[in-house]
Number of protein chains: 2
Amino acid sequence: MRASNTDALFRTLADSTRRQILDLLAERGCLSVGQLAAEFPDLVASGISKHLMGLRGAGLVSASRHGRKQIYRLEADTLVADLTPWLAKYERYWFAALERLRDLAEESTGTDRPTSRKNVRRTRSR
Amino acid sequence: MRASNTDALFRTLADSTRRQILDLLAERGCLSVGQLAAEFPDLVASGISKHLMGLRGAGLVSASRHGRKQIYRLEADTLVADLTPWLAKYERYWFAALERLRDLAEESTGTDRPTSRKNVRRTRSR
DNA sequence: CCAATATATTACCGTCTAGTAATACGTTAC
DNA sequence: GTAACGTATTACTAGACGGTAATATATTGG
C-alpha cells in the first residue's frame with residue numbers, strides 16, 4: 001500500500017469537515033481556529049484543530065500566530081498544483097464535458113439555430 | 001460523520017490501485033479483470049475484483065459479461081460530472097493557475113514583448 | 001503571579017478499510 | 001458431465017481514521 005502524494009491529497013479531501021474548512025477559508029479569507037470551530041457545532045474544537053493539522057500536513061492551509069490566536073489561510077496554489085497532474089491525465093474528458101456544456105448553452109440560449117437536429121456532431125459546429 | 005457523495009468519490013480516488021485501474025482503462029480502453037490484475041503483481045486477483053466493485057459502486061467504471069470474462073470500462077462522464085461541482089467552487093484559483101501558466105508560456109516563448117507592462121502584477125520577476 | 005483564553009497534543013475508542021486466503025458461482029472446454 | 005477457468009464473495013486481520021475527553025503549552029489581562 002504505497003502512500004503517494006496523490007493518495008494523501010485525495011485522502012485529505014475525502015472528509016467533508018476538511019472540505020468545509022477549505023470552503024470557509026476560500027469564502028471568508030483568513031480565520032482562526034475558534035472561528036472555524038464555531039461553524040461546526042457538532043464537533044469539539046480540538047477535533048477541528050486536528051483536521052487543521054491534517055490540512056497543514058497536506059499543505060492545503062498555512063497558519064500564522066497573531067497573539068494567542070492562530071490564523072489559518074487557504075493555500076490554493078498547493079491545491080491546484082497537487083491536483084493538476086492527476087486531472088491532466090483525464091484532460092480529454094474535461095474538454096469533452098466543456099464542449100457538451102457549450103452545446104447545451106448554445107441550444108438553450110438559441111445562439112445556434114434551434115431548428116437544427118440535436119447534436120449530430122458534438123465536436124464542432126460549423 | 002456524514003457520508004456525502006463527494007466523500008465517497010474522494011475516498012474512492014484516494015487509493016493508488018484504484019486510480020491506476022482508472023488510468024489503465026483510460027489508456028487502453030476496455031479490459032477484463034484478469035488483464036487488470038496482471039498489471040498488479042503484488043496483489044491477488046480477488047483484491048482487484050474488490051477494487052473494481054468499489055469503482056462500480058462509485059459509478060466510475062461499468063462492466064459487461066463476455067463469456068466468462070467480465071469486461072470493465074471507464075465511465076468518464078461520471079468522473080467529470082461528480083468532480084465538477086467541487087472543482088467549480090475553486091474556479092477562480094484554476095483561472096489564476098491558467099493565467100500564470102500563460103504568463104510563463106509567453107515569457108519563455110516571447111510571444112509577447114518581455115518588456116511589456118502586461119504582467120506588472122502577479123509575477124515577481126527577478 | 002494568577003486566571004482565563006486559544007490552540008495543540010495525547011490517549012483511547014469504535015468504525016472503516018485494504019489486504020489475504022478460502023470458498024462459491026457461473027461459463028467454457030474437453 | 002466434469003474439469004478448468006474467470007470472477008465474485010466471505011471471513012478474517014492489521015492498520016488507519018474520526019471522534020471525544022483530558023491534558024499540555026503558550027499568550028493575554030488583571
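Order of the sequence lines sets the chain letters (A, B, ...), proteins ahead of strands, with each chain counted from 1.
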*Asks:* Can you tell me which nucleotide in C:dG19, C:dT7, D:dA8 comes closest to the side chain of A:S49?
*Replies:* C:dT7
*Asks:* Between the two end axes of the helix from C:dC1-D:dG30 to C:dC30-D:dG1, each built from 5 base pairs, what angle do you get to the nearest 10°?
*Replies:*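 Roughly 10° between the end axes, to the nearest 10°.
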*Asks:* Applying side-chain hydrogen bond (donor to acceptor under 3.5 Å, both in side chains), can you list everything that pairs with A:T84, at least two apart in sequence or on another chain?
*Replies:* none
*Asks:* When you measure from the side chain of B:Y90 to the backbone of A:V80, do you find a donor-acceptor pair of N or O atoms at a distance under 3.5 Å?
*Replies:* no
*Asks:* Rounded to the Å, how far apart are B:K50 NZ and D:dA11 P?
*Replies:* 12 Å
*Asks:* Look at the side-chain heavy atoms of Ile, Leu, Val, Met, Phe, Trp and Tyr, link any pair under 4.5 Å apart, and say whether A:L24 and A:V33 land in one connected group.
*Replies:*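 Linked within one cluster.
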*Asks:* Does anything in residues 55-63 of chain B come within less than 4.0 Å of DNA chain C? Heavy atoms only, and list the residues if so.
*Replies:* none
*Asks:* Can you name the residues that form a side-chain hydrogen bond (donor to acceptor under 3.5 Å, both in side chains) with B:S32, not counting sequence neighbours?
*Replies:*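 Checked B:S32 against side-chain hydrogen bond (donor to acceptor under 3.5 Å, both in side chains); matches are B:Q35.
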*Asks:* Between C:dT5 atom P and A:R65 atom CZ, what is the distance in whole Å?
*Replies:*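 Answer to the nearest Å: 17 Å.
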*Asks:* If the condition is salt bridge (charged side-chain N to carboxylate O under 4.0 Å, His left out), which residues does A:R56 pass it with, not counting sequence neighbours?
*Replies:* none
*Asks:* Write down the distance between CZ (A:R11) and P (C:dC16), rounded to a whole number of angstrom.
*Replies:* 18 Å
*Asks:* With sequence neighbours excluded, what pairs up with B:R68 under the salt bridge (charged side-chain N to carboxylate O under 4.0 Å, His left out) test?
*Replies:* none
*Asks:* Figure out the NZ/P separation between A:K69 and C:dT5, and round it to whole Å.
*Replies:* 12 Å
*Asks:* Can you check whether B:Y72 has a side-chain N or O nearer than 4.0 Å to OP1 or OP2 of D:dA8?
*Replies:* yes
*Asks:* From CG of A:D7 over to C1' of C:dT17, roughly how many Å is that when rounded to an integer?
*Replies:* 13 Å
*Asks:* Could I get a table of every N or O pair under 3.5 Å where one atom is in the protein and the other is in nucleotides 28-30 of chain D?
*Replies:*
none

*Asks:* So, A:R28 and A:E39, do they make that salt bridge, N to O below 4.0 Å?
*Replies:* yes
*Asks:* Just jot down the salt bridge (charged side-chain N to carboxylate O under 4.0 Å, His left out) partners of A:R19, sequence neighbours excluded, or say none.
*Replies:*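 Per chain and number, A:R19 pairs via salt bridge (charged side-chain N to carboxylate O under 4.0 Å, His left out) with B:D7.
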*Asks:* Quick check on contacts: within residues 21-45 of chain A, what sits under 4.0 Å from DNA chain D by heavy-atom distance?
*Replies:*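 Only A:D42, A:L43, A:V44 qualify.
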*Asks:* With sequence neighbours excluded, what pairs up with B:S46 under the side chain to side chain contact (heavy atoms under 4.5 Å, CB included) test?
*Replies:* B:V44
*Asks:* Given 3.5 Å as the limit, does a donor-acceptor pair link the side chain of B:R73 with the main chain of B:C30, or not?
*Replies:*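 No, B:R73 side chain to B:C30 backbone: no donor-acceptor pair under 3.5 Å.
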*Asks:* Rounded to the Å, how far apart are B:I71 CD1 and D:dT7 P?
*Replies:* 7 Å
*Asks:* Is there side-chain contact between A:W94 and B:L87, with heavy atoms separated by less than 4.5 Å?
*Replies:*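 They are in side-chain contact.
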*Asks:* Applying ring-ring contact (aromatic ring centres under 6.0 Å, His included), which residue pairs with at least one partner in residues 21-69 of chain A are found, sequence neighbours left out?
*Replies:*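 Passing the test, one end in residues 21-69 of chain A: no pairs.
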*Asks:* Could I get the full list of side-chain hydrogen bond (donor to acceptor under 3.5 Å, both in side chains) partners for A:Q70, not counting sequence neighbours?
*Replies:*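 With neighbours one apart ignored, the set is empty.
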*Asks:* Keeping B:T78 on the side-chain end and B:G59 on the backbone end, is there a donor-acceptor pair under 3.5 Å?
*Replies:*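 Indeed, once roles are kept as given, a pair shorter than 3.5 Å links the two residues.
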*Asks:* How long is the line joining CG of A:D15 and P of C:dC16, in whole Å?
*Replies:*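 Atom CG in A:D15 sits about 14 Å away from atom P in C:dC16.
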*Asks:* Specify the separation, in whole Å, of atom CD of A:Q20 and atom P of D:dG19.
*Replies:* 11 Å
